[in-house]
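FYI, the numbering just counts along the sequence from 1. Note that these values count all heavy atoms, side chains included, but never hydrogens, waters or copies made by symmetry.
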Amino acid sequence: MTDLKTLRIGGNPITYQDLGPRDAPAVVLMSGWCHDHRLFDRLVPHLAGDLRVLCIDWRGHGEDRTPVADFGYREQASDTIAVLDELGVGRFLPLSHSHGGWANLEIAERVGAARAPRLIVVDWLMTPPAPEFAAGLAAIQDPATWIEGRQGLYDVWLNGQDHERVKRHLDEEMSGFDFEMWARSCRVIAEAYAEFGSPLDRMVGLTERRPVTHLFSQPTDPAYEQAQIDFRAGHPWFGYRTLGGPTHFPTLDVPDKVAAEIRDQLG
């Protein structure tokens with residue numbers, strides 16, 4: 001993945017990629033916390049031949065890792081919209097991974113359904129956090145236990161699989177972020193669940209209804225899928241697809257399936 005560019009947004013350097021034909025339908029790819037554009041390096045080749053693909057790193061997540069002032073999903077949304085405005089991107093399909101979904105929904109609320117008429121969220125915990133997940137978020141906010149807490153998440157996400165690209169993403173790319181960013185991420189995520197209850201509840205709160213599709217491989221618990229079936233029964237604009245991938249990172253382990261879903265939404 002090449003062609004990294006940088007814009008200064010509100011004094012912060014924001015790294016992004018803008019690939020593919022400029023007059024093609026635009027897809028905006030947003031990672032979760034403590035990732036960067038490399039989360040999409042196996043997905044982009046499936047898209048950029050005939051789609052405009054933008055990968056936008058959060059502040060403090062790009063090439064320049066200089067510490068930044070505290071921020072959360074609202075600032076992530078502001079930065080992303082500012083980059084899109086600067087690049088002249090009108091209508092677009094946003095796709096977020098994991099807890100990048102909070103910013104995705106905030107962006108959707110601000111730009112409206114005419115500009116972001118559909119949303120894709122990938123492997124995002126749709127239900128209220130289980131006690132063990134909440135405990136993990138708390139552990140990562142403690143400098144004495146953050147490495148152990150992070151490893152607990154890694155173990156869940158890797159799911160016992162020996163996937164070379166995903167392991168490199170965890171051991172090199174995600175582990176390249178320091179305690180400050182990991183602690184911030186877990187605090188912001190916990191606060192978002194406290195504010196909204198769950199991503200499903202946040203979707204209901206959008207001012208303008210539009211199709212939202214959740215693509216996921218984890219968790220595999222039938223009760224988790226049933227919760228989404230039940231939600232869809234009362235909210236027909238919501239849909240989901242189980243991808244059957246081996247880990248928490250479908251854009252790395254089943255990028256062809258994610259690309260097919262993107263094209264289906266654009267079609």
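Using modelled atom types and a 3.5 Å distance limit, the side chains of Thr247 and Asp253 yield a donor-acceptor pair. No donor-acceptor contact under 3.5 angstrom links the side chains of Trp124 and His214, judged on distance only. Using modelled atom types and a 3.5 Å distance limit, the side chains of Tyr240 and Glu225 yield a donor-acceptor pair. Judged purely by distance below 3.5 Å, without hydrogens or angles, the side chains of Gln265 and Thr213 pair a donor atom with an acceptor atom. With no hydrogens or angles considered, no side-chain donor-acceptor pair links Ser31 and Arg38 at under 3.5 Å. The closest side-chain donor-acceptor pair between Thr6 and Tyr16, if any, does not fall under 3.5 angstrom.
Between Asp18 and Arg52, at least one side-chain nitrogen of the basic residue sits less than 4.0 Å from a carboxylate oxygen of the acidic one, meeting the salt-bridge criterion. Salt-bridge formation is not detected for the pair Arg42/Asp256: no Lys NZ or Arg NE/NH1/NH2 atom is positioned less than 4.0 Å from an Asp or Glu carboxylate oxygen. In this structure, Glu173 does not pair ionically with Lys167, as no charged nitrogen and carboxylate oxygen lie closer than 4.0 Å. Under the 4.0 Å criterion applied to side-chain N and carboxylate O atoms, Arg202 and Glu195 are not assigned as salt-bridge partners.
Ring-centre distance between His35 and His169: below the 6.0 Å cut-off. Residues Tyr193 and His99 place their aromatic rings such that the two centres sit under 6.0 Å apart.
Heavy atoms only, all atoms of each residue included: Pro129 and Gly197 are closest at CD-O, 4.4 Å. Taking both residues in full, the closest heavy atoms of Pro250 and Leu243 are given as CB-CD1, 3.6 Å, listed atom of the first, atom of the second, then distance. Residues Ala26 and Leu54 approach most closely at CB-CD1, 4.3 Å, considering heavy atoms. Scanning all heavy atoms of the two residues, the minimum distance from Met181 to Gly60 falls at CE-O, 3.7 Å. The minimum heavy-atom distance between Asp50 and Ala24, with the atom names listed, is O-CB, 3.3 Å. The minimum heavy-atom distance between Ser175 and Tyr154, with the atom names listed, is OG-OH, 2.9 Å.
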Show your reasoning for whether side-chain contact (heavy atoms from CB on, under 4.5 Å) applies to Ile9 and Thr80.
CA-CA 9 Å; Ile9 304 296; Thr80 302; over 6 Å; no

Evaluate the criterion side-chain contact (heavy atoms from CB on, under 4.5 Å) for residue pair Leu206 and Glu109; output intermediate values, then yes/no.
CA-CA 6 Å; Leu206 288 175; Glu109 179 69 15; 3.5 Å; yes

How far apart are the C-alpha atoms of Arg184 and Glu180, what are their side-chain angles, what is the distance that settles it, and do they pass the salt bridge (charged side-chain N to carboxylate O under 4.0 Å, His left out) test?
CA-CA 6 Å; Arg184 177 185 292 120; Glu180 181 182 26; 3.4 Å; yes

Which is it for Thr15 and Ile56 under the side-chain contact (heavy atoms from CB on, under 4.5 Å) test, yes or no, and what are the steps along the way?
CA-CA 6 Å; Thr15 298; Ile56 302 175; over 6 Å; no

Run the side-chain contact (heavy atoms from CB on, under 4.5 Å) test on Met203 and Ser198 for me, step by step, so that the C-alpha distance in whole Å, both residues' side-chain angles and the decisive distance to 0.1 Å come before the verdict.
CA-CA 9 Å; Met203 293 172 193; Ser198 73; over 6 Å; no

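A perpendicular orientation is assigned to the rings of Phe216 and Tyr224, their planes being inclined by more than 60° (bins at 30° and 60°). Ring geometry for Phe249 versus His97: interplanar angle under 30°, hence parallel rather than tilted (30 to 60°).
Checking side-chain atoms of Trp102 against main-chain N and O of Gly72 turns up no donor-acceptor pair under 3.5 Å. For the pair His61 (side chain) and Trp33 (backbone), a donor-acceptor distance under 3.5 Å is absent. Within the 3.5 Å criterion, the main-chain N or O of Ala113 finds a donor-acceptor partner in the side chain of Glu208. With Asp123 contributing its side chain and Leu215 its backbone, the two residues share no donor-acceptor pair below 3.5 Å. Without hydrogens or angle criteria, Asn104 side chain to Ile120 main chain gives a donor-acceptor distance under 3.5 Å. With hydrogens and angles disregarded, a donor-acceptor distance shorter than 3.5 Å links the side chain of Gln218 to the backbone of Trp157. Remark: the backbone N or O of Gln161 is not paired with any side-chain donor or acceptor of Asn159 at under 3.5 angstrom. Of the possible donor and acceptor atoms, one in the side chain of Arg209 sits under 3.5 Å from a partner among the backbone N and O of Val204.
Rounding to the nearest 0.5 angstrom, the gap separating the CG atom in Leu137 from the CG atom in Leu153 is 7.0 Å. Atom CZ of Arg115 and atom CG of Leu84 lie 6.0 Å apart (nearest 0.5 Å). One finds the OG1 atom of Thr251 at 3.5 Å from the CG atom of Leu39 (value rounded to the nearest 0.5 Å). Atom CD of residue Glu75 and atom CG of residue Asn12 lie 10.0 Å apart, to the nearest 0.5 angstrom. The distance from atom CG of Leu200 to atom CD of Gln228, rounded to the nearest 0.5 Å, is 6.5 Å. Asp36 CG to Gln17 CD: the interatomic distance, rounded to the nearest 0.5 Å, is 9.0 Å.
Side-chain contact check for Trp237 versus Arg210: every heavy-atom pair is 4.5 Å or farther apart. Between Gln151 and Ile147 there is no side-chain heavy-atom pair separated by less than 4.5 Å. For the pair Phe238 and Pro211, the minimum side-chain heavy-atom distance is 4.5 Å or more. Using a 4.5 Å heavy-atom threshold, the side chains of Ile14 and Arg8 count as separate. By the 4.5 Å heavy-atom criterion applied to side chains, Met126 and Val121 are counted as neighbours. Arg168 places none of its side-chain heavy atoms less than 4.5 Å from the side chain of Leu170. In this structure the side chain of Val28 reaches within 4.5 angstrom of the side chain of Met30, judged on heavy atoms. Contact annotation: the side chain of Arg187 approaches that of Asp70 to within less than 4.5 Å [non-hydrogen atoms, C-beta and beyond].
Residues Leu19 and Leu7 are members of separate hydrophobic clusters, defined by side-chain heavy-atom contacts under 4.5 angstrom among Ile, Leu, Val, Met, Phe, Trp and Tyr. Val212 and Val258 fall within the same hydrophobic cluster, where Ile, Leu, Val, Met, Phe, Trp and Tyr residues are linked whenever their side-chain heavy atoms come under 4.5 Å apart, directly or through other members. Residues Val122 and Ile262 share a single hydrophobic cluster, defined by chaining ILVMFWY side chains whose heavy atoms lie under 4.5 Å apart. Under the 4.5 Å side-chain contact rule for hydrophobic residues, Leu95 and Ile107 do not share a cluster. Linking ILVMFWY side-chain heavy atoms closer than 4.5 Å, directly or via other members, places Ile189 and Phe179 in a single hydrophobic cluster.
Counting heavy atoms of neighbouring residues, nucleotides and ligands inside a 6.0 Å radius, atom CD of Glu191 exceeds 12 of them. Counting non-hydrogen atoms of neighbouring residues, nucleotides and ligands closer than 6.0 angstrom, the CD atom of Glu86 reaches no more than 12 such neighbours.
A cation-pi arrangement is present between Arg59 and Phe71, with the terminal nitrogen or guanidinium carbon under 6.0 Å from the aromatic centre and inside a 45° cone about the axis. A cation-pi geometry, defined here as NZ or CZ lying under 6.0 Å from the six-membered ring centre and within 45° of its normal, holds between Arg150 and Trp182. A cation-pi arrangement is present between Arg65 and Phe177 under the rule of less than 6.0 angstrom and at most 45 degrees off the ring axis.
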